[in-house]
Amino acid sequence: MSSGREELYSRVYLPYLYEREEIVTGITEVLMKALAFVAIIAMGYGLKRTGFFHAKDFYLLSKIVIKITLPAAIVANFSKISMESSMLILCVFGLICNGVLLIIAYCINLTKSGKQKAFDMLNMTGYNIGNFTMPFVQSFLGPVGFAATSLFDAGNSVMCTGVTFSLASTVSNGSGNGPGSFRTVLKTLVSSVPFDTYVIMTLLTVLRLKLPDVVILFAETAGGANAFLALLMIGIGFEIHMDKEKIAEILKILVIRYGTALAFSLGFFFLLPFPLEVRQALAIVVLAPVSSVSPAFTGKIGGDVELSSAINSLTIVISIVVITGALILIL
């Protein structure tokens, strides 16, 4: 090989080969981890179908995840970062994204009954972050991405654990509950262990205060189990039962939900002046499934719980696909 060709090979072709190999390796890693997540969900569903798990086990695992492993993961990841107070704006993004979906859900049903408005408000909004998105963030993004996701979820939690239900209930009944609604929302938030953990760890991180090493070590150990238990829990709770005549309603909600999510995702990733890992986290988090509490709140307003559960389960399947695709593109 002539010296000119050797130089061209080393300067152009070899870097191209290395870059292509890195891209292929990255895509393979994302797909392998995503398949592992799907396998855990499928295992939970399969073990339930064989009788190893029962429907009531979902609630036991849910308690473990929400009150132990997720708070531990939050503590562990927040302890690894330093954060400026300006990052608190991410909480507002969680509020805004829910608010936009609430407005859309209400406006597309202006000529319909209060029950229909309330159903769409509950089942088109909210993000299942703690149980679903956190395992993806834990595996693919670092502590900064995890913290950004947690801050977004703090705002999201304000909406999907109380505010959205209060508004939907008001629309459904034609009248609000006054101060009682605010007290209920506040009580729900304060009694939420993940939300309290978000608030405490955010304050400690902004104030540059560090927890004792033994606490962090415990949190890292317990939090390491969060991804597996959360995905296993999703598999145990997964069910789809629906009538054919309800397919149009399901498609309407899914198209609006994921169309809006795509717009949010692109806007967050390309337009925000934040570090790459923060923008990656925000681009992923808005692709999350509908909040897991939506069927329960739907039942409280006398809505169609079976339809709500079907929508909830379908968004899990769709979100696995779209989040995996997004990770391949942005990592």
Side-chain angles (χ1 to χ4, degrees), residues 66 88-133 151-192 194-196 198-199 246 249-250 252-261 263-264 285-312 314-315 319:
I66 292 173
L88 296 177
I89 189 66
L90 301 183
C91 299
V92 179
F93 291 157
L95 294 168
I96 291 173
C97 289
N98 276 272
V100 169
L101 285 168
L102 270 174
I103 293 170
I104 293 173
Y106 184 87
C107 290
I108 63 173
N109 291 293
L110 284 177
T111 60
K112 297 182 180 178
S113 68
K115 288 283 186 185
Q116 183 61 52
K117 291 188 183 77
F119 181 89
D120 282 10
M121 289 169 70
L122 288 172
N123 292 280
M124 199 180 289
T125 65
Y127 298 90
N128 186 351
I129 295 173
N131 296 333
F132 183 89
T133 314
L151 290 172
F152 181 96
D153 194 29
N156 172 63
S157 297
V158 172
M159 299 298 290
C160 64
T161 60
V163 173
T164 298
F165 172 70
S166 295
L167 293 172
S169 180
T170 299
V171 169
S172 178
N173 298 328
S175 62
N177 296 320
S181 296
F182 176 76
R183 285 196 295 268
T184 300
V185 172
L186 188 61
K187 183 179 178 181
T188 302
L189 286 174
V190 172
S191 62
S192 169
F195 182 79
D196 294 340
Y198 288 146
V199 173
K246 296 177 181 177
E249 174 67 16
I250 292 173
K252 178 194 74 174
I253 289 178
L254 293 180
V255 168
I256 294 174
R257 166 79 182 195
Y258 284 97
T260 308
F264 286 151
V285 78
V286 291
L287 301 174
V290 173
S291 171
S292 58
V293 299
S294 295
F297 283 149
T298 298
K300 284 188 176 183
I301 65 166
D304 190 334
V305 176
E306 186 177 273
L307 179 59
S308 177
S309 298
I311 292 169
N312 208 278
L314 283 170
T315 60
S319 288

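The residues of the chain are indexed from 1 along the displayed sequence. Note that the structure is predicted; figures quoted are calculated from it, not measured.
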Legend entry - Close side-chain approach of Ile66 and Pro194, heavy atoms under 4.5 Å: yes
Inset, instruction - Ignoring hydrogens and angles, tell me if any N or O in the side chain of Thr164 forms a donor-acceptor pair with the backbone of Met159 under 3.5 Å. - result: yes
Legend entry - Listed partners of Lys252 passing salt bridge (charged side-chain N to carboxylate O under 4.0 Å, His left out), at least two apart: Asp120, Glu249
Legend entry - Pairwise distance CD1(Ile96) to SG(Cys91) - rounded to 0.5 angstrom: 11.5 Å
Inset, instruction - Without swapping roles, check the side chain of Lys112 against the backbone of Lys117 for a donor-acceptor pair under 3.5 Å. - result: no
Inset, instruction - Can you measure from CZ (Phe152) to SG (Cys97) and round to the nearest 0.5 angstrom? - result: 4.0 Å
Legend entry - Option from Val290, Ile311, Ile108 for which side-chain contact (heavy atoms from CB on, under 4.5 Å) with Met124 holds: Ile108
Inset, instruction - Determine yes or no for a side-chain-to-main-chain donor-acceptor pair under 3.5 angstrom, with Thr315 supplying the side chain and Ala288 the backbone. - result: no
Legend entry - Verdict with reasoning, Asp153 to Val285, per side-chain contact (heavy atoms from CB on, under 4.5 Å): CA-CA 9 Å; Asp153 194 29; Val285 78; over 6 Å; no
Legend entry - Spacing of Ser319 atom OG and Tyr258 atom OH [to the nearest 0.5 Å]: 2.5 Å
Legend entry - Val199 vs Asp196, side-chain contact (heavy atoms from CB on, under 4.5 Å): CA-CA, chis, key distance, verdict: CA-CA 5 Å; Val199 173; Asp196 294 340; 5.7 Å; no
Legend entry - Atom pair OH/CG of Tyr106 and Leu167 - distance to nearest 0.5 Å: 11.0 Å
Inset, instruction - Indicate the atoms forming the closest heavy-atom contact of Ala118 with Ala168, along with that distance. - result: CB-O, 3.3 Å
Legend entry - Thr298 side chain to Asp304 backbone, donor-acceptor under 3.5 Å: no
Legend entry - Least distance between heavy atoms, Ser292 atom then Asn312 atom: CA-ND2, 3.9 Å
Legend entry - Stacked cation flag Arg257 on Phe264, 6.0 angstrom / 45 deg: no
Inset, instruction - Measure across Phe132 and Pro289 and return the closest heavy-atom pair with its distance rounded to 0.1 Å. - result: CD2-CD, 3.2 Å
Legend entry - Under 3.5 Å side-chain donor-acceptor pair for Asn123 and Ser308: yes
Legend entry - Rounded distance [0.5 Å steps], CZ in Phe195 versus CG in Asn156: 11.0 Å
Inset, instruction - Please confirm whether the backbone N or O of Phe165 pairs with a side-chain atom of Ser169, one donor and one acceptor, at under 3.5 Å? - result: no
Legend entry - Separation between CD1 of Ile129 and OG of Ser157, rounded to the nearest 0.5 Å: 7.0 Å
Inset, instruction - Check the pair Leu151, Leu88 against side-chain contact (heavy atoms from CB on, under 4.5 Å), reporting the backbone distance first and the verdict last. - result: CA-CA 7 Å; Leu151 290 172; Leu88 296 177; 4.2 Å; yes
